[in-house]
Asker: 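Let me give you the structure first, and then I'll get to my questions.
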Amino acid sequence: MSFELLSEPIRRYIRDQRWEELRPIQHAAISKILSTNDNYILASRTASGKTEAAFLPILSQTDFDHAGVQVLYISPLKALINDQFVRVEELCKYLDVPVTKWHGEANQSAKTRLIKRPQGIVLITPESLEAMLVNKPFNVKHLFGNLKFVVIDEIHSFIGTDRGTQLKSIISRLRNPPSPPFRIIGLSATIGDYVEAKRFTGNETGTKVLLDRSAKEVEAQFRYFEGSDSELPLDLVKDLYLETENNKALIFPNSRGRVEEVSVKLKKISDRVQGHSNYFSHHSSVDKDVREYVEFFAKNNRGQNFAIACTSTLELGIDIGTVDEVVQIDATNSISSLIQRLGRSGRRNSEKSRLILYATKPWSFLQSLACWALYQDGFIEPPETNSRPLDILVHQALSITKGSSGIEIELLVNQLKQNCAFEDLSISDIEEIIDHLTECDLFEKLRKEIIIGIEGEKVVNSRNFYSVFTTEDTFKVLSSGSPIGDIPFSPQIVEGENLLLAARIWKIIHVDFDAKRIHVIKALDGKKPSFSGTAASVHGSVRQKMLELLYSKEVFNVLNKASVMELGKLRKEFTPFNIQDFQTERPMRIKDGSVELFTFAGTKINNTIYLLLDLAGFECKLNTPSSSFEIETSATHLRAKWPALQSALQDIDEHLSDLIDKRPQILSFSKWGSLLPRKFQVELLKRKYYDFNEAIKFIDSCKFVENC
DNA sequence: GACCTGCTGCGGTTTG
């Protein structure tokens, strides 16, 4: 059937691969991509052959004899580009089509070759595309003027994020006439909202979703070990060692510091009992070469067991082969992330995924169980929607103006207005932002034209201009000249102190503040490094499920004895509140001089309620894991004042503007937001950090239930 | 107590 639709060289490739059959997503993609002109989102679990599902029909249909690049593949990670390059190149040998990697670390002469003779397939990052649009817009026309397909890998990592808005805008800029239209194919294992996914192409009605719901069977087990904030419980580490010693395992402990703690502790035990020594850590602060070695080891070693402790760096599709088991320590923040992590396990197609979920705190355990239960229900939290990306507009306005070396104001406004990333912003919004940028010397007006201003030059000529996310300043850690990693400066960075990094223990012998270098030697004992960061946000549906679990009688066969007991304890603790309506009723515990209010709401609603309580003069503390407020007041007083929390909304804009004055770092979630007029900074804060509409609904409907 | 992601172009010198 669909096999017959493919071109001869592609059929030969499939025969040479000795595939017994095409996977369901491949059948669907081949027949749909070849028989229609629609855009497609291919949603199917990890390792189900999505890359081939896109490329087999694309390569069959495309005539590569035309000048210009025919297919553009966009990836969120350089490492993923390097992996996919090998796969796609193998496939393209059958067609004699050249494939070029284009990212910051890709070979320069290959790029130069492509510019001399634009053809074939290019694999690129959004930031590299941005850089090209800014610095060499003529190359964009020259290379991509004849594009037939754009493939976006791991598209869920872009949907609903700032980086996604940037990419949407870039793709819209590539479509600038007179270029002929190209089709978009998005690939993902986890899509939480199909409408948002379709909108991502800029043409919702012309985009279809091909979905293969079949999931790999998962064998899961929850284990509970009560622990403290500082270190993991020893029993947990021992149990984890026994669990993973004869396996290939990926361990996700949720933070870089914990990653180091886990890998070093496991390695110590292993040294003592003469187990294998393949314990690694993998996260953003580990040196790139060290990380690549770890990836290489995992992928290419035969038979040897290993354990890699990692953060979300190993969550996306980097090819490390599959592992025997995935271990999660304390709760995942989202179901989407749980699915990505699960996808790493289960060696062969037929084999089950194996997942061990440890927890060290009651609320973390409950959150983990809630994510698991929602996953079992087939639920994935929807992405954020950002219909007014004011800050990204600032960035794109600067980028377009620099790229065209000055532009007529009217043309700039129209280009931004017609860009699908900004369709919900009005002409007057755009004009207001441009005027403000001009007042701040980021732009300069020359009659009808706009050019980059004095302050703007500093911004657009910086190497840091091309991305829309912020990163912290780091020090390079070196051992006899070889890089181990990059860590943010903290009070712990003092000569003589020991620290853990890249699964090893080091002693700091010298800190060079000018060169931002930390020189270390090997040591025997040390502390996990402290990394600053912001907690990932938790969706309301997860918190809602946590509440339901407290009052359900459901028995989970995935829990070990200790976690059954922990769930029992939590349920018993909340029995006296006797919540009946999970939508509106919330437990309120009366204490001596204070009340504890459990909102079971998502991060943004909690942020908003915190602000409103503060504005109403309440002293309060938000405990994130339990989603509860400790408020220094009496229940009667809180009940009386509660509906009036809304009164602060009358002049909320002034309150927020004051807040920005007092704590400018509250806008640090947005790299380009600081360049907006104040009015729009306030709006950004309202949309991205708070959620007043939902918070008001919550306040209106919320009924406190006290323990009796 | 808290994740992750990427990244000029040019001129000059050295190397194969």
Side-chain angles (χ1 to χ4, degrees), chain A residues 74-82 101-106 108 111-112 115 124-137 139 153-154 156-158 161-164 166-167 170 227-232 252-259 261 281-286 288 291 309-318 328-334 336-338 340-341 360-361 363-364 367 395 399 402-403 457-472 486 488 490 528-538 603 621-626 668-669 671:
Chain A
I74 302 173
S75 154
L77 303 175
K78 289 180 291 191
L80 197 53
I81 287 180
N82 297 342
K101 280 191 268 189
W102 192 299
H103 57 67
E105 285 158 15
Q108 186 60 48
K111 294 180 187 169
T112 317
I115 288 171
I124 200 164
T125 59
E127 287 76 13
S128 282
L129 266 176
E130 182 80 67
M132 208 189 287
L133 282 160
V134 171
N135 299 311
K136 300 272 182 73
N139 273 348
D153 207 351
E154 306 278 7
H156 70 280
S157 72
F158 292 114
T161 68
D162 288 345
R163 203 175 178 207
Q166 177 191 25
L167 178 56
I170 289 172
S228 69
D229 271 337
S230 53
E231 289 204 39
L232 284 170
F252 291 93
N254 286 354
S255 76
R256 289 172 282 178
R258 273 260 147 99
V259 162
E261 185 189 352
S281 71
H282 194 287
H283 54 79
S284 64
S285 297
V286 174
K288 184 177 150 280
R291 278 158 73 171
C310 56
T311 58
S312 46
T313 48
L314 285 183
E315 199 174 283
L316 291 182
I318 305 172
Q328 173 69 43
I329 300 180
D330 283 327
T332 47
N333 292 307
S334 69
S336 165
S337 160
L338 177 66
Q340 292 288 137
R341 291 172 185 191
T360 63
K361 301 248 179 64
W363 289 104
S364 171
Q367 186 176 320
H395 180 244
S399 167
K402 160 87 176 173
E457 286 292 342
K458 293 181 203 160
V459 173
V460 300
N461 291 328
S462 147
R463 189 164 174 268
N464 202 16
F465 176 66
Y466 312 102
S467 69
V468 295
F469 48 84
T470 48
T471 42
E472 53 193 347
D486 293 89
S490 75
K528 61 178 180 185
S530 58
F531 295 98
S532 59
T534 39
S537 59
V538 177
T603 302
K621 229 168 58 193
L622 169 60
N623 182 353
T624 308
S626 58
S668 63
F669 62 82
K671 180 162 163 183

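Values reported hereafter were calculated over all heavy atoms of this structure, with side chains retained and with hydrogens, waters and symmetry mates removed. Labels below follow one simple rule: chain letters A, B, ... track the order of the sequence lines, proteins then strands, and each chain is numbered from 1.
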Asker: Enumerate donor-acceptor pairs with a distance under 3.5 Å from any side-chain N or O in residues 463-470 of chain A to protein atoms, sequence neighbours excluded.
Answerer:
from: A/Asn464; atom 1: OD1; to: A/Lys671; atom 2: NZ; distance (Å): 3.4
from: A/Tyr466; atom 1: OH; to: A/Asn135; atom 2: ND2; distance (Å): 3.0
from: A/Ser467; atom 1: OG; to: A/Lys671; atom 2: NZ; distance (Å): 2.9

Asker: Would you kindly give the CD1-to-C1' distance between A/Ile318 and B/dC4, to the nearest whole Å?
Answerer: 11 Å

Asker: Grab the CG-P distance between A/Asn333 and B/dC4 for me, whole Å please.
Answerer: 12 Å

Asker: Between A/Arg256 and A/Ser285, do the side chains contain a donor N or O and an acceptor N or O under 3.5 Å apart?
Answerer: yes

Asker: Once rounded to the nearest 0.5 Å, what's the spacing between atom CD1 of A/Ile318 and atom OG1 of A/Thr313?
Answerer: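 It is 6.5 Å, given to the nearest 0.5 Å.
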
Asker: Assign a letter to each nucleotide of nucleotides 5-16 of chain B from its 5' end: B, base within under 4.0 Å of a protein heavy atom; S, sugar-phosphate only; -, no contact.
Answerer: BBBBS-------

Asker: For a quick check under 3.5 Å, do A/Asn254 and A/Gln328 share a side-chain donor-acceptor pair by atom type?
Answerer: yes

Asker: Compare all side-chain heavy atoms of A/His283 with those of A/Leu314 and state whether any distance is below 4.5 angstrom.
Answerer: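 With C-beta onward as the side chain, the pair stays apart.
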
Asker: Measure from CG on A/Asp486 to P on B/dC4 and round the result to the nearest Å.
Answerer: 12 Å

Asker: If the condition is side chain to side chain donor-acceptor pair (under 3.5 Å), which residues does A/Gln166 pass it with, not counting sequence neighbours?
Answerer: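 For A/Gln166, the residues satisfying side chain to side chain donor-acceptor pair (under 3.5 Å) (neighbours in sequence not counted) are A/Glu130.
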
Asker: Atom CG of A/Asp330 to atom C1' of B/dG1: distance rounded to whole Å?
Answerer: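 Taking CG of A/Asp330 and C1' of B/dG1, I get 11 Å after rounding.
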
Asker: Does A/Ser312 contact B/dC3 through a side-chain donor or acceptor facing the base, at a distance under 3.5 Å?
Answerer: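 When only heavy-atom distances are counted, A/Ser312 does reach the base of B/dC3 through a donor-acceptor pair under 3.5 Å.
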
Asker: Atom CD1 of A/Ile329 and atom P of B/dG1: how far apart are they, to the nearest Å?
Answerer: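 Whole-Å distance recorded here is 17 Å.
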
